[in-house]
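All ligand and atom numbering here is 1-based and tracks the order in the structure. Since the structure is predicted, the reported quantities are computational estimates derived from the model, not experimental observations. In this chain, numbering begins with 1 at the start of the sequence shown.
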Amino acid sequence: MGGLGYYARARNLLACARVVVAQHGGRFPESEGELRALPGIGDYTAASVAAIAFGRSAVVIDANIERVIARYRLIETPLPLAKREIRAALAPLVPEDRPGDFAQALMDLGATICRPRGPACATCPLMTDCRAQGRPDIERLPLKPPKKAKPRRHGLAHWIERDARIWLVRRPGKGMLGGMRALPGGDWTDARPTESGIAEVDHGFTHFDLTLKLVHRESRDAAAEGEWWPISDLDAAGLPTLYRKLISKMLERDG
Ligand code: SF4
């Protein structure tokens with residue numbers, strides 16, 4: 001479950017409950033501002049809880065609502081800059097009466113009618129005054145931000161073999177692939193290593209691409225913790241995809 005944010009959610013939930021007890025007498029505050037001040041509650045959750053749970057007239061914006069309003073008002077500024085215009089366009093439309101139902105109806109409209117691909121304008125209740133309706137390029141709204149090229153990093157992984165086993169380590173607890181079993185190797189940096197390798201893979205992470213090169217090493221770092229793992233049983237090592245790809249490339253080559 002690591003990396004999916006569940007631990008942070010659990011911590012925030014507890015911290016939030018403590019603040020609700022200590023500062024609000026055990027009752028959730030009802031205003032958007034007070035809700036946003038609670039641990040783990042951002043703009044979207046504060047507005048949703050205020051509108052849906054407490055009937056407050058809050059401006060709720062999720063990705064579905066963002067799309068509906070960007071099209072309905074033909075907002076052609078790319079995200080995330082468009083967010084401010086979308087909020088300004090939506091705010092005067094939020095009713096005093098049943099703002100929670102209004103927010104949920106807009107979310108449903110976005111999910112089922114004003115879909116990212118193939119919006120069903122003919123059945124849309126907003127059709128008569130939607131500014132995007134009838135345009136051939138509706139699907140591109142809301143405009144995405146221009147794509148930034150991801151930086152590329154480079155790293156070495158060490159293949160240290162003895163008696164049909166290879167030396168595996170655990171990655172540091174913090175950082176990419178934290179705590180997972182891995183081939184040993186140095187840090188991932190911007191510099192491309194000059195050493196020639198026995199295999200190489202490219203792997204895309206969310207924020208960067210990595211080229212990892214596999215090189216032979218005769219002996220392991222005596223101080224490092226790790227284990228000798230049978231090459232014939234590498235499937236059971238639970239290695240991350242990156243290392244599995246690299247090893248299978250090398251084994252194919254030797255094949
Ligand atoms: S008319 Fe079409 S583009 Fe406009 S809000 Fe409805 S589904 Fe979306």
If only protein N, O or S atoms under 2.8 Å count, total around atom 8 (Fe) of ligand 1: 1

L93-I113 co-clustered via ILVMFWY side chain contacts under 4.5 Å: yes

Sole residue of R117, R67, K144, R115 in salt bridge (Lys or Arg N to Asp or Glu O under 4.0 Å) with E139: R117

R171 NZ/CZ over W188 ring centroid, <6.0 Å and within 45° of normal: yes

Note, D202 side chain near R152 side chain (heavy atom, < 4.5 Å): yes

Heavy-atom check, side chain of L212 versus side chain of H203, under 4.5 Å: no

Electrostatic pair D235:R244 at N-O distance under 4.0 angstrom: no

